[in-house]
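Beneath this line is the structure, given in structure tokens, with notes to follow.
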Protein chains: 2
Amino acid sequence: MTPPPNRRERPAKPALTRNGIVAAAVDLLRAGGLRQVTTRRLAEALDTAPASLYVYVRNTAELHAAVLDALLGTVDLDPGGGPWRDRLVEVLTSYTRLLLAHPGLAASALVARPSGPRYLNLVEALLALLAEGGVPPGQAAWGVDVLLQLATATAVEHSNGESEEDWQTLAAVVRDASPETHPHVAALGADLLSGPPEARLTWGLNLLINGIAHTARPS
Amino acid sequence: MTPPPNRRERPAKPALTRNGIVAAAVDLLRAGGLRQVTTRRLAEALDTAPASLYVYVRNTAELHAAVLDALLGTVDLDPGGGPWRDRLVEVLTSYTRLLLAHPGLAASALVARPSGPRYLNLVEALLALLAEGGVPPGQAAWGVDVLLQLATATAVEHSNGESEEDWQTLAAVVRDASPETHPHVAALGADLLSGPPEARLTWGLNLLINGIAHTARPS
DNA sequence: ACCTGAACACCGTTCAAGT
DNA sequence: ACCTGAACACCGTTCAAGT
């Protein structure tokens, strides 16, 4: 009644699949950030050899893109009532929050343009809201990119591991700016760095929406 | 008449200095991109050991920031005549061009906030142009960040090594979008990806300026 | 104070060989 | 077709030891 040798106490490891690899990568990301998501660690987690992953994934960049698309499923594309404008800001803030929660992923979203199914859903939702607001289609088409760029760039900036020290340095540089050589910096002073990040993002998204709605594309 | 042993044909290697290290890093960058700027290669170029660099530079991120600030000296902060708006777009386009020329550097500018002297000059120039245009100071203070974010994010996106393939994939995804599930994407189609990058950047900067000038900050 | 050699603890990717 | 071990060609950073 001994089990056959290929049937151990812990059941045989599941067969490798692309989805399984991506799911394991998401687990690693949640556990310890994108820095943990390396081919070697991933292979270890899946109890296989690093080289085996290359059957399912072209390279690390593609893997990171797949991880992002999987996480994109958690973005709320249809938030409650309110004017279209507020809902648009809401969707984009939700997207930014997702990226902020996973340092490093935002940077990879900027370098390798996402093109997964969830990303397409996000773009569709943004276009629908812009159309609801009566934004001319051509401006909406180009505007979506700019909105997503601001959201992504904001996430990259704030998902900076050692930002505290950087920020102190920047604050000191601004504070010590000479009114002679840098009059505008000196005059504005702390206001250049004032305000909670969320307030700045919300303001940024609103000014973007205003600009997109009222700036004609070049002919 | 033999030269003393410490005086070889090739003169003794120059003493290590922070500036010398940064200059060598810029050379490596120009020669082969940011991927070449590693502590080991840099040490080899300077004919020293990797560990020696850590006397002058805290880590690789700080080194990259110093390289960026050195290059920032080439941005034209005071382009010819024309309305303030066009000059503002010109300065930011020049900054973007610099980042586009050095793939990887833009990403590091986003992750570690620059705070070098040249960067401060750039911010001062942007603030001066916004003031010239009569933009309220509070909006200018926050707006500068958004302008630089768009410029930097655009550079990161386009300084993608394998963008050609990514772009083809994205184009195919947009083309094949179902009018049932993604009506807006399907309707806009190719227009989502149309236009040369420079035209899109110029439009983006203009809409940003409009938005910054006409959107009140939250109270 | 500055510099070095050597080590520590890793990377992504390829490839011949096996099943 | 898929998986593996082993290798190739690297990384950043630290540290005891020298000068």
Side-chain angles (χ1 to χ4, degrees), chain A residues 4-8 11-22 24-25 28-29 31-68 103-105 107-108 111-112 160-162 165-166, chain B residues 4-6 8 11-22 24-25 28-29 31-67 103-105 107-108 111-112 160-162 165-166:
Chain A
N6 62 339
R7 175 61 165 71
R8 318 280 235 74
K13 65 184 183 187
L16 279 181
T17 62
R18 191 177 207 273
N19 284 345
I21 290 171
V22 172
L28 280 180
L29 178 75
L34 197 65
R35 221 176 326 162
Q36 302 293 317
V37 186
T38 69
T39 52
R40 296 177 115 99
R41 275 184 227 261
L42 192 50
E44 199 186 12
L46 290 162
D47 196 18
T48 187
S52 306
L53 304 176
Y54 287 80
V55 176
Y56 303 95
V57 164
R58 194 197 305 269
N59 53 37
T60 308
E62 195 194 286
L63 175 66
H64 288 175
V67 167
L68 174 60
L105 212 53
S108 106
V111 173
N160 168 6
E162 54 204 345
E165 207 167 342
D166 280 8
Chain B
N6 62 338
R8 315 283 235 74
K13 64 185 183 187
L16 278 181
T17 62
R18 192 175 207 273
N19 284 344
I21 290 171
V22 172
L28 279 180
L29 178 75
L34 197 66
R35 220 176 328 160
Q36 302 294 317
V37 185
T38 68
T39 51
R40 297 177 116 98
R41 276 185 226 260
L42 193 49
E44 199 187 11
L46 290 161
D47 195 16
T48 186
S52 307
L53 304 177
Y54 287 81
V55 176
Y56 304 94
V57 164
R58 193 198 303 272
N59 54 36
T60 307
E62 196 195 284
L63 175 66
H64 288 174
V67 167
L105 212 52
S108 105
V111 172
N160 167 6
E162 54 204 346
E165 207 166 344
D166 280 10

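Quantities reported herein were computed from a predicted structural model and do not represent experimental measurements.
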Note every stem involving DNA chain D: at least three consecutive Watson-Crick or G-U wobble pairs, i with j then i+1 with j-1, with both distances under 3.5 Å.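 Only these stems qualify: C:4-8 with D:12-16, C:12-16 with D:4-8.
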Atom [atom1] of [X] and atom [atom2] of [N]: how far apart are they, to the nearest Å?
{"X": "B:His64", "N": "D:dC11", "atom1": "NE2", "atom2": "P", "value": "11 Å"}
{"X": "B:Asn59", "N": "D:dG12", "atom1": "CG", "atom2": "C1'", "value": "9 Å"}
{"X": "B:Arg58", "N": "D:dG12", "atom1": "CZ", "atom2": "C1'", "value": "16 Å"}

Is there any protein nitrogen or oxygen under 3.5 Å from a nitrogen or oxygen in nucleotides 1-3 of chain D, and what are the pairs?
from	atom 1	to	atom 2	distance (Å)
D:dC3	OP2	A:Tyr56	OH	2.7

When you compare the protein's N or O atoms with those of nucleotides 15-19 of chain D, which come within less than 3.5 Å of each other, and at what distance?
none

Taking the side chain as C-beta and beyond, is there a heavy-atom pair between A:Asn59 and A:Glu62 under 4.5 Å? yes
Pairwise [atom1] distance, [M] and [N] [rounded to whole Å]:
{"N": "D:dC2", "M": "C:dA17", "atom1": "C1'", "answer": "13 Å"}
{"N": "D:dA9", "M": "C:dA9", "atom1": "P", "answer": "24 Å"}
{"N": "C:dC11", "M": "D:dA7", "atom1": "C1'", "answer": "14 Å"}

How many angstroms lie between atom CD1 of A:Ile21 and atom CG of A:Leu63, to the nearest 0.5 angstrom?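 Output value for this atom pair is 8.0 Å.
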Separation of B:Tyr56 OH from B:Leu16 CG (nearest 0.5 Å):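 Those atoms lie 5.0 Å apart.
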For A:Arg35, check salt bridge (Lys or Arg N to Asp or Glu O under 4.0 Å) against everything at least two apart and list the hits.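 Salt bridge (Lys or Arg N to Asp or Glu O under 4.0 Å) check on A:Arg35 returns nothing, list empty.
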Can you give me every donor-acceptor pair (side chain of residues 37-48 of chain B, partner residue at least two apart or in another chain, under 3.5 Å) with its distance?
from	atom 1	to	atom 2	distance (Å)
B:Thr38	OG1	B:Arg41	N	3.2
B:Arg41	NH1	B:Gln36	OE1	3.4
B:Thr48	OG1	B:Ser52	OG	3.1

Under-4.0 Å side-chain N/O to phosphate OP1/OP2 contact, B:Thr60 with D:dT13: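 B:Thr60 to D:dT13 OP1/OP2: side-chain N or O found under 4.0 Å.
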Sub-3.5 Å pairs of nitrogen or oxygen atoms, protein against nucleotides 7-10 of chain D:
none

